[in-house]
Amino acid sequence: MDLERVAAVIRPREPYEAIDLGFGLARTFARQIWLPWLICVVPLQLLVIGGLWWAHATLALLVLWWIKPLCDRIPLFVLSRALFGATPKVRDVIRASPKMLVRQLFWALTVQRLDPRRSFRLPVWELEGLPFKQRGRRMKVLDRGQEAPAFVLSFLCYCMQWGLAFGLFMLINMLIPSQTGINLWQELDRGWPDHVALPMVLLLWACYLIADAIVSPLYVAGGFALYINRRTHLEGWDVQLAFQRLAKRLEKLEDKGPSKRGISERL
């Protein structure tokens with residue numbers, strides 16, 4: 001990890017300012033985040049729908065929501081490298097995605113799925129590679145003073161995602177000409193919960209996917225920025241960077257010193 005190549009100003013921030021920094025990082029590296037996210041997530045979700053819709057549509061939609069922590073690893077993979085000056089290419093992210101999606105599968109679908117501070121703790125789980133006991137102690141240290149901001153981030157992103165999905169569904173229903181006599185709410189109520197028609201399942205999935213594609217990378221980026229900010233407070237990264245810059249300035253002055261003395265002696 002090269003702090004000198006960092007893509008943002010490293011300094012202690014208030015938690016919500018750090019979250020805003022994370023959103024800015026997501027916008028800065030939008031192509032590297034959203035393109036591989038869509039390429040990897042869309043086939044996975046279609047596979048889930050194709051495999052489970054015949055059993056029960058509700059089960060298919062529930063599994064789509066349940067596997068969400070697996071997909072959050074892709075934005076984290078990009079941001080954790082891009083922040084320190086090693087932005088991965090889209091093909092590199094896609095090539096690494098199979099291992100990312102299956103690593104620690106049981107842990108991701110149990111503890112991480114139910115953790116309301118998942119985005120803040122995700123870098124500890126995915127990047128630090130600590131044994132179980134050390135990871136628990138590490139999270140206790142990092143969590144101090146960050147529980148409320150991490151929970152608020154999760155709650156607001158959750159509301160934003162489902163609000164967008166619900167709003168898209170309502171918008172599509174409003175745009176259907178009244179002459180057709182089609183009302184999506186009635187169609188959904190007619191099939192729920194026994195067996196929802198496949199077109200309706202695909203429509204619900206499309207609304208969920210669009211909302212998830214907008215919110216999820218921002219959610220991960222906000223939690224990652226909280227994590228970086230907490231480490232800056234604990235480990236003094238800003239002080240370390242200041243001393244490194246000072247040392248470089250002194251080296252430059254020392255390099256210039258002998259040449260100046262030589263010129264003065266000749267004069």
Side-chain angles (χ1 to χ4, degrees), residues 16 19-20 22-27 30-31 33-76 109 112-119 122 149-223:
Y16 296 104
I19 293 173
D20 185 61
F23 291 170
L25 287 173
R27 293 193 299 269
R31 180 177 176 274
I33 293 174
W34 268 276
L35 187 56
W37 189 91
L38 287 170
I39 292 173
C40 297
V41 170
V42 171
L44 176 64
Q45 294 192 357
L46 283 174
L47 184 65
V48 170
I49 292 175
L52 297 177
W53 171 76
W54 298 104
H56 206 291
T58 308
L59 178 62
L61 296 173
L62 176 62
V63 171
L64 287 181
W65 173 79
W66 197 266
I67 63 174
K68 183 175 163 54
L70 303 180
C71 307
D72 290 344
R73 296 171 175 182
I74 296 172
L76 180 64
L109 297 180
Q112 290 183 26
R113 174 66 270 184
L114 300 174
D115 194 336
R117 297 160 291 181
R118 186 177 73 249
S119 65
L122 191 61
F151 177 80
V152 169
L153 173 65
S154 296
F155 178 75
L156 291 180
C157 287
Y158 181 85
C159 293
M160 189 188 307
Q161 179 177 341
W162 287 105
L164 282 171
F166 182 74
L168 281 171
F169 188 82
M170 288 189 63
L171 178 62
I172 295 170
N173 189 46
M174 291 171 59
L175 292 176
I176 297 175
S178 58
Q179 294 83 353
T180 62
I182 297 175
N183 186 297
L184 294 180
W185 293 109
Q186 292 178 359
E187 295 294 327
L188 183 62
D189 184 62
R190 189 176 298 125
W192 200 276
D194 297 328
H195 191 72
V196 181
L198 182 59
M200 181 61 68
V201 173
L202 292 175
L203 177 60
L204 292 171
W205 166 73
C207 293
Y208 171 80
L209 176 67
I210 293 171
D212 194 31
I214 293 171
V215 176
S216 283
L218 296 174
Y219 171 64
V220 176

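The residues of the chain are indexed from 1 along the displayed sequence. No hydrogens, no waters, no symmetry mates; every other heavy atom, side chains included, goes into these values.
Considering CG of L61 and CG of L204, their distance stands at 6.0 Å, rounded to 0.5 Å. Going from atom CH2 of W66 over to atom CG of L114 covers 4.5 Å, rounded to the nearest 0.5 Å. In this structure, L44 CG and I39 CD1 are separated by 14.0 Å, a value rounded to the nearest 0.5 Å. Atom CG of L35 is separated from atom SG of C40 by 9.0 Å, given to the nearest 0.5 angstrom. Atom CD1 of I49 and atom CG of L52 lie 9.5 Å apart (nearest 0.5 Å).
Note on residues 151-160: pairs passing side-chain hydrogen bond (donor to acceptor under 3.5 Å, both in side chains), not counting sequence neighbours, are S154-Y219.
Partners of P75 according to the side-chain contact (heavy atoms from CB on, under 4.5 Å) rule, which considers only residues two or more places apart in sequence or in another chain, are I33, W37, P217, V220. Evaluation of the salt bridge (charged side-chain N to carboxylate O under 4.0 Å, His left out) rule for R117 yields D115, D143 as partners, not counting sequence neighbours. V42 pairs by the side-chain contact (heavy atoms from CB on, under 4.5 Å) definition with L38, L46, W205, L209, not counting sequence neighbours. For the side-chain contact (heavy atoms from CB on, under 4.5 Å) test, residues two or more places apart in sequence or in another chain that qualify with F23 are I19, R27, L153, L218. In this view, L62 and W65 satisfy the side-chain contact (heavy atoms from CB on, under 4.5 Å) rule, not counting sequence neighbours.
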Quiz: residues 160-173 side-chain donor-acceptor pairs under 3.5 angstrom, not counting sequence neighbours:
{"unit_1": "Q161", "atom_1": "NE2", "unit_2": "D212", "atom_2": "OD1", "d": "3.4"}
{"unit_1": "N173", "atom_1": "OD1", "unit_2": "L184", "atom_2": "N", "d": "2.9"}

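A 6.0 Å sphere centred on CZ of F151 holds no more than 12 heavy atoms belonging to other residues, nucleotides or ligands.
Closest heavy-atom contact between R118 and Q112: CD-O, 3.0 Å. Scanning all heavy atoms of the two residues, the minimum distance from P36 to R31 falls at CD-O, 3.6 Å.
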> Where do V41 and L70 land on the side chain to side chain contact (heavy atoms under 4.5 Å, CB included) test, with the steps shown first?
Replying inline: CA-CA 9 Å; V41 170; L70 303 180; over 6 Å; no
